[in-house]
Amino acid sequence: MKKLILAALLGAAGILPAAAQTSDADHAAHHPAGAASAAPAANLTDGEVRRIDKANGKVTLKHGEIRNLDMPGMTMVFQAKDAAMLDAVKVGDKVRFHVEKQDDAFVVTEMQPAQ
């Protein structure tokens with residue numbers, strides 16, 4: 001942070017060579033997806049698949065805290081946004097997932113294997 005402030009001050013004073021002077025827009029052009037791709041990962045919750053109900057498009061997950069819903073860890077049934085995502089998991093799999101409240105249901109909108 002100190003280096004960034006120093007560089008900004010030196011750049012504003014014209015002390016840095018032109019090649020070293022970049023704007024925030026220049027930096028964003030080099031990393032357009034940087035901040036955007038980090039945000040969804042922060043919204044993923046760790047879980048374990050306990051049951052799969054393909055006929056009804058539901059999955060039972062034992063999960064940690066779901067921050068975006070202010071929900072403590074527990075085991076519960078979720079509706080899958082896309083039933084095809086249930087084909088990619090089996091009981092016992094560790095997953096990372098995102099869930100949203102839609103109408104009266106908690107819906108898993110993304111699910112991936114835990115790394």
- Task: Can you establish whether the number of heavy atoms outside Asp87 located under 6.0 Å from its atom CG is more than 12?
- Result: yes
- Query: To the nearest 0.5 Å, how far apart are NZ in Lys58 and CE in Met76?
  - Reply: 10.5 Å
- Query: NZ of Lys94: more than 12 outside heavy atoms within 6.0 angstrom?
  - Reply: no
- Message: Check Lys62 with Glu48, please: is the shortest side-chain N to carboxylate O separation under 4.0 Å?
- Response: no
- Query: What heavy-atom pair brings Ile52 and Val91 nearest, and what distance separates the two atoms?
  - Reply: CD1-N, 4.0 Å
- What heavy-atom pair brings His98 and Asn43 nearest, and what distance separates the two atoms? ND1-O, 3.1 Å
- Glu65 and Met71, any side-chain heavy atoms less than 4.5 Å apart: no
- Thr60 side chain near Thr75 side chain, heavy-atom distance below 4.5 Å: yes
- Message: Quick check: closest heavy atoms across Val99 and Asn68, and the distance to 0.1 Å?
- Response: O-ND2, 3.0 Å
- Query: Are Val108 and Leu44 connected, step by step, through hydrophobic side chains (Ile, Leu, Val, Met, Phe, Trp, Tyr) whose heavy atoms are closer than 4.5 Å?
  - Reply: no
- For the side chain of Asp82 and the backbone of Met85, is there at least one donor-acceptor N/O pair under 3.5 Å apart? no
- Is there a side-chain contact between Glu100 and Val107, using heavy atoms and a 4.5 Å cut-off? no
- Task: Decide whether Val77 and Val49 are clustered together by the hydrophobic rule: side chain heavy atoms of Ile, Leu, Val, Met, Phe, Trp, Tyr closer than 4.5 Å, transitively.
- Result: no
- Item | Mutual orientation of the aromatic rings belonging to His63 and Phe97 [parallel < 30°, tilted 30-60°, perpendicular > 60°] | perpendicular
- Task: Would you check if Met111 and Val89 make a side-chain contact, meaning some heavy-atom pair closer than 4.5 Å?
- Result: yes
- Message: Between Asp93 and Lys90 (side chain of the first, backbone of the second, donor and acceptor by atom type, cut-off under 3.5 Å), is there such a pair?
- Response: yes
- Can you tell me if Gln79 uses its side chain to pair, donor with acceptor, with the backbone of Gly57 under 3.5 Å? yes
